Amino acid sequence: MKISIIGGGNVGSLTALRLAEACVGEIVLVDVVKGLAQGKSFDMEDARQVLASNYDIKGTDDITSIEKSQVVVVTAGLARKPGMTREELLQKNAAILKDVCLNIKKVSPDAILLIVTNPLDMMTYFALKVTGFSSSRVFGMGVTLDASRFANLISKELTVPVTDISPVVIGSHGESMLPLSRFTTVKGVSLDELLDENKANLLVKKTVERGKEIVSLLGSGSAYFAPSAAITQIVKCIVKDEKKTLGISAFLNGEYGARDVCIGVPCRIGKDGIEKIVELDLNNEENKAFCASAQNLRLLLKELPV
Ligand code: NAD
């Protein structure tokens, strides 16, 4: 299995290492900056003897090296710089994504695409439109990460192992995400039965703000340890045909009452990509919040050059 990662920055390079160490196949890391991906791949290769692992990784600035990949992860893009508006960032990352996606289409026309570049749901939609691939093969990593963050905060609040928690987060990967305490369970028991409303709401708020909190602590750059772990989980699910249900940004065509938008929902993932979009039985309040999140994205999509 050949897995390529476009963008050899913080998220892309740590993802490459995690996937290489998991021995899921041949890994190709590509960055537009000459020498960057190659230098990082040499460094990762140099660890193989110590780790007693024969993993296969290559770094390059030549995007055609991703030829015939089964999975392509896209982390290429700019982070928002001081003074840059959201609109400017959107246009710049859309231009990068367009170029990257047209190359993917040319040399890996059968690949499954996992988009990571922000703004996530919009870039996923854009990649879908630019490639023209089936929507089961183009999806985004966003609420997977948010769910893991929610679980971490719950485990600390309840002092229970994080592995006992099954978190559910839907909606856009941004301020209107919806960590769902009613569907989130600890050993099968709903969080709503374990925490009073105020405490649950506080954890929801902390989850929504977690990315920003990390950015402000770091001073420059954004999170990459947990994002790369979430990407790795999704890629493993595809490569090993695990058929797990994970939250991802998927194209909706009537599901959850939404149309023509990519947004976070639970999906069963296997070797062909999205096998099923799982529709949760949302109550009125949850449904209203989800529709508002989808509606907000629909408005923002008008800014995309498609
Ligand atoms: P980074 O700046 O460390 O890395 C981005 C890399 O992309 C750079 O090395 C840059 O040279 C490269 N790049 C730019 N244009 C390229 C092109 N045309 N081809 C190949 N490479 C190109 O940033 P990062 O921290 O790795 O984050 C990458 C992206 O992922 C950002 O958009 C960030 O906002 C996003 N992100 C998303 C999530 C999520 O949950 N979806 C989480 C973390 C980061």
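For clarity, every value in this text was computed on a predicted model and none was experimentally measured. One-based numbering, in listed order, for ligands and for the atoms of each. Throughout, numbering of the chain's residues begins at 1 and tracks the sequence.
Criterion: ILVMFWY side-chain heavy atoms under 4.5 Å apart, direct or through other members. Under it, Leu17 and Phe225 are part of a common hydrophobic cluster. Taking hydrophobic clusters as Ile, Leu, Val, Met, Phe, Trp and Tyr residues chained together by side-chain heavy-atom distances below 4.5 Å, Met122 does not share a cluster with Met177.
A salt bridge links Lys205 to Glu209: at least one charged side-chain nitrogen sits closer than 4.0 Å to a carboxylate oxygen. Under a 4.0 Å N-O distance rule, the pair Glu285/Lys288 does not qualify as a salt bridge.
The shortest non-hydrogen separation linking Ala223 to Leu218 is N-CD1, 4.2 Å. The shortest heavy-atom contact between Cys237 and Ile269 is SG-O, 3.5 Å.
Side-chain atoms of Gln91 never come within 3.5 Å of backbone atoms of Pro305 as a donor-acceptor pair (strictly under, hydrogens ignored). Thr144 places no side-chain N or O within 3.5 Å of a backbone atom of Ala230 that could act as its donor or acceptor partner. Between the side chain of Thr131 and the backbone N or O of Lys105 there is no donor-acceptor pair closer than 3.5 Å. A side-chain donor-acceptor contact under 3.5 Å links Asn93 to the backbone of Leu78.
Every atom of ligand 1 with a heavy atom of Leu120 under 4.0 Å away is listed here by number and element: 41 (N). Taking every non-hydrogen atom of His173 and a distance limit under 4.0 Å, the qualifying atoms of ligand 1 come out as 39 (C), 40 (O), 41 (N). Those atoms of ligand 1 that come under 4.0 Å of a heavy atom in Leu36, given as number and element, are 9 (O). For ligand 1, the atoms closer than 4.0 angstrom to any heavy atom of Ala223 are 43 (C). The distance from ligand 1 to the heavy atoms of Val33 drops below 4.0 Å at these ligand atoms: 11 (O). Within ligand 1, counting atoms from 1 as listed, the ones closer than 4.0 Å to a heavy atom of Pro227 are 42 (C), 43 (C).
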Show me the donor-acceptor pairs, under 3.5 Å and distance only, between side chains in residues 42-51 and residues at least two apart or in other chains.
residue: Arg48; atom: NH1; partner: Tyr55; partner atom: O; Å: 2.9

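Counting protein heavy atoms under 4.0 angstrom from atom 36 (N) of ligand 1 gives one or more.
In this comparison of Gly9, Gly174, Gly142, the heavy atom closest to atom 1 (P) of ligand 1 sits on Gly9. Considering each of Asp31, Thr15, Val32, the one bringing a non-hydrogen atom nearest atom 6 (C) of ligand 1 is Asp31. Nearest-residue assignment for atom 5 (C) of ligand 1 (options Gly77, Gly7, Ala37; heavy-atom criterion): Gly77.
Neither the backbone nor the side chain of Ala230 has any atom closer than 4.0 Å to an atom of ligand 1 (non-hydrogen atoms only). Contact annotation: for Ile96 versus ligand 1, heavy atoms closer than 4.0 Å belong to the side chain alone. Using a 4.0 Å cut-off between heavy atoms, Ala76 contacts ligand 1 through both its backbone and its side chain. Counting heavy atoms closer than 4.0 Å to ligand 1, residue Leu145 contributes side-chain atoms (C-beta onward) but none from N, CA, C or O. The parts of Met141 lying near ligand 1 are both backbone and side chain, judged by heavy-atom distances below 4.0 Å. Contacts with ligand 1 closer than 4.0 Å are made by no heavy atom of Ile63, backbone or side chain. Both the backbone and the side chain of Thr117 come within 4.0 Å of ligand 1, counting heavy atoms alone.
The shortest N or O to N or O distance between Val116 and ligand 1 is under 3.5 Å. Polar contact with ligand 1: present for Asn10 (N/O pair, distance under 3.5 Å).
Under 3.5 Å, the side chains of Asp62 and Thr60 contain no donor-acceptor pair of N or O atoms.
Using a 4.0 Å heavy-atom cutoff, Gly221 is absent from the residues neighbouring ligand 1. Residue contact annotation: Asp61 has no non-hydrogen atom under 4.0 Å from ligand 1.
Counting heavy atoms from C-beta outward, Ile66 and Asn103 have side chains that stay 4.5 Å or more apart.
In terms of protein heavy-atom proximity, atom 27 (O) of ligand 1 is nearest to Val11 CG2, 3.7 Å. Of all protein heavy atoms, the one closest to atom 29 (C) of ligand 1 is Thr75 O, 3.4 Å. Looking only at protein heavy atoms, the nearest one to atom 34 (O) of ligand 1 is Asn118 ND2, 2.9 Å.
For Asp241, the side-chain contact (heavy atoms from CB on, under 4.5 Å) partners at least two apart in sequence or on another chain are Lys243, Lys271, Glu275.
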